[in-house]
S.K.: 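Quick one: structure below, then a few questions.
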Protein chains: 2
Amino acid sequence: MAVAPTPRERMVQSAALLMREYGVEAMSFAQVVEHSGAPRGSIYYYFPGGKAQLVKEATSWAGDFIAHRNIRKLEADGPAGLLEASEKFWRDVFGETDYRAGCPIAAATLESSRLPEAREAAGKVFERWQSIFAEALQSRGVAPERASALATLVYAGIEGGVILARAQRSLAPLERVFEELRSLVIAAMGPHGQRSSLS
Amino acid sequence: MAVAPTPRERMVQSAALLMREYGVEAMSFAQVVEHSGAPRGSIYYYFPGGKAQLVKEATSWAGDFIAHRNIRKLEADGPAGLLEASEKFWRDVFGETDYRAGCPIAAATLESSRLPEAREAAGKVFERWQSIFAEALQSRGVAPERASALATLVYAGIEGGVILARAQRSLAPLERVFEELRSLVIAAMGPHGQRSSLS
DNA sequence: GTCTATACGAAGATAGAC
DNA sequence: GTCTATCTTCGTATAGAC
């Protein structure tokens with residue numbers, strides 16, 4: 001997460017970071033301004049739609065950020081490699097934040113009652129993550145139906161595992177989930193491993 | 001969810017219901033009073049600890065409610081039967097609320113930055129759900145380690161699946177998750193089915 | 001583009017009457 | 001036990017100067 005050049009981008013990134021820790025409702029503009037170091041007077045200049053717009057953009061930004069990261073990782077190390085990297089990612093996040101941070105997309109989903117646009121953005125993010133992973137499985141010989149189902153289980157498992165980990169303040173649930181997901185993914189790709197291309 | 005006799009209990013139940021739909025922060029006392037029909041003047045009489053206390057109790061109450069339901073279902077129909085019942089439960093919830101409602105325990109977890117007690121209660125709930133399911137698997141011949149890992153995946157998968165379903169306003173993700181979980185659970189219990197008792 | 005000041009509303013919490 | 005009134009804080013949002 002390199003430092004962004006413009007105040008606007010920094011505000012979006014800060015919003016995503018604050019959302020994952022405090023949630024959407026508890027995140028205030030004051031926090032965003034302080035965290036991003038952006039000028040106070042710029043909020044409604046850049047985001048005339050107010051908090052709804054900021055949260056929606058933060059959701060989409062975080063989703064795209066992770067999607068790109070995942071695409072690169074999949075190309076380099078395949079589905080099993082991505083799962084490994086994701087597990088490390090969350091281990092680091094929980095270590096750095098003492099289990100305070102979670103997934104901003106999940107926050108946008110659970111607190112979307114007043115922000116319908118955020119929920120819609122979250123839906124698109126999850127769908128994209130899922131289809132990226134499913135496609136990677138397909139390209140390694142997993143049947144489309146199976147690939148899609150597995151990819152859905154992967155992101156459901158991770159999102160849920162992150163919640164269990166936060167609630168229990170323990171890495172154990174998430175580690176178990178990743179262990180199971182890895183086994184399933186490797187098994188689905190067949191004995192040839194993650195780079196095989198059976199059809 | 002039978003109607004509770006006392007105003008106090010009704011407030012707790014209403015809080016849980018409102019949390020799952022609006023989240024913790026967006027749920028106000030005004031909503032709780034209106035939804036429960038409880039007397040306005042009773043809030044701080046019954047909950048001197050304010051919102052923190054109400055949210056904590058709502059989290060624990062909802063957790064216990066589901067736990068008891070699950071125990072009964074497990075005794076009657078085993079792990080696979082519980083998964084089936086859970087899928088139906090969520091299908092009904094989403095149908096009734098147009099995908100607005102989710103899991104109140106998840107809401108308590110994600111929005112616990114100002115309410116540490118709620119997070120702790122949520123952690124206990126998840127742990128209890130998991131161990132109830134794991135024990136049912138064990139009593140059907142699944143090895144302890146495997147039973148525990150599977151039970152964790154089950155609740156992570158469901159919690160995550162509920163989030164994906166809400167975000168995408170579609171039952172599809174959750175149905176896929178349940179399909180996968182059912183297969184895994186049945187496979188783990190062996191060819192004798194959910195009532196066998198191999199060791 | 002960015003600032004300050006302020007309007008406005010909402011929500012948690014308290015006090016004291018009944 | 002329950003009510004009303006109120007205090008206080010806070011957060012979004014707007015207006016207008018610089």
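Predicted, not measured: the structure shown is a model, and the values here were computed from it. Side-chain atoms are counted along with the backbone in the values below, which use heavy atoms only and exclude waters and symmetry mates.
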S.K.: Mind listing the residues from residues 45-58 of chain B sitting with a heavy atom below 4.0 Å of DNA chain C? Number order is fine.
M.R.: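 Correct list: B/G50, B/K51.
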S.K.: Figure out the CD1/C1' separation between B/I43 and D/dC3, and round it to whole Å.
M.R.: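 Rounding to the nearest Å, CD1 of B/I43 and C1' of D/dC3 are 12 Å apart.
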S.K.: Is B/R114 touching bases, backbone alone, or none of the nucleic acid, heavy atoms closer than 4.0 Å?
M.R.: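 It contacts sugar-phosphate atoms only.
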S.K.: Hey, is the side chain of B/S42 poking within less than 4.0 Å of OP1 or OP2 on D/dG1, counting only N and O atoms?
M.R.: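 Answer no for this pair, as no side-chain N or O of B/S42 is under 4.0 Å from OP1 or OP2.
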S.K.: Nearest-Å distance, OH (B/Y44) to C1' (D/dA5)?
M.R.: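 Result: 15 Å.
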S.K.: How long is the line joining CD of A/E25 and P of C/dG12, in whole Å?
M.R.: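 Those two atoms, CD and P, are 11 Å apart.
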S.K.: Using distance alone, with no hydrogens and no angle criterion, decide if B/Q53 and B/E57 have a side-chain donor and acceptor under 3.5 Å apart.
M.R.: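 Yes, a side-chain donor-acceptor pair sits under 3.5 Å.
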S.K.: Please report the distance, rounded to the nearest Å, between CD in B/Q31 and C1' in C/dA11.
M.R.: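 So the two atoms are 11 Å apart, to the nearest Å.
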S.K.: To the nearest Å, give me how far apart CG (B/L18) and P (C/dG12) are.
M.R.: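 Those two atoms, CG and P, are 12 Å apart.
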S.K.: Once the angle between the rings of A/W129 and A/Y155 is folded into 0 to 90°, is it parallel (under 30°), tilted (30 to 60°) or perpendicular (over 60°)?
M.R.: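 Because their plane-to-plane angle lies in the 30° to 60° range, the rings of A/W129 and A/Y155 count as tilted.
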S.K.: So, A/F29 versus A/F47, ring centres under 6.0 angstrom or not?
M.R.: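 No, ring centres 6.0 Å or more apart.
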S.K.: Nearest to the side chain of B/P39, which nucleotide is it out of C/dT2, C/dT14, D/dT2?
M.R.: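 For B/P39, the side-chain atoms sit closest to D/dT2.
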S.K.: Determine, for B/R91 against B/E87, whether the closest basic-nitrogen to carboxylate-oxygen distance falls under 4.0 angstrom.
M.R.: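 B/E87 and B/R91: salt-bridged.
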S.K.: Using a 4.0 Å heavy-atom cut-off across all strands, classify B/F29 as base, sugar-phosphate, or nothing.
M.R.: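 Result for B/F29 = sugar-phosphate.
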S.K.: Using the side chain to side chain contact (heavy atoms under 4.5 Å, CB included) rule, take B/E159 and B/F126 through it: C-alpha gap first, then chi angles, then the decisive distance, then the call.
M.R.: CA-CA 10 Å; B/E159 290 294 333; B/F126 284 134; 3.5 Å; yes
S.K.: Starting from P on C/dA13, measure out to CZ on B/R40 and report it in whole angstrom.
M.R.: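 So the two atoms are 17 Å apart, to the nearest Å.
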S.K.: Looking only at heavy atoms, which two atoms of B/A101 and B/V93 are closest? And how far apart?
M.R.: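 Residues B/A101 and B/V93, closest heavy atoms: CB-CG1, 3.8 Å.
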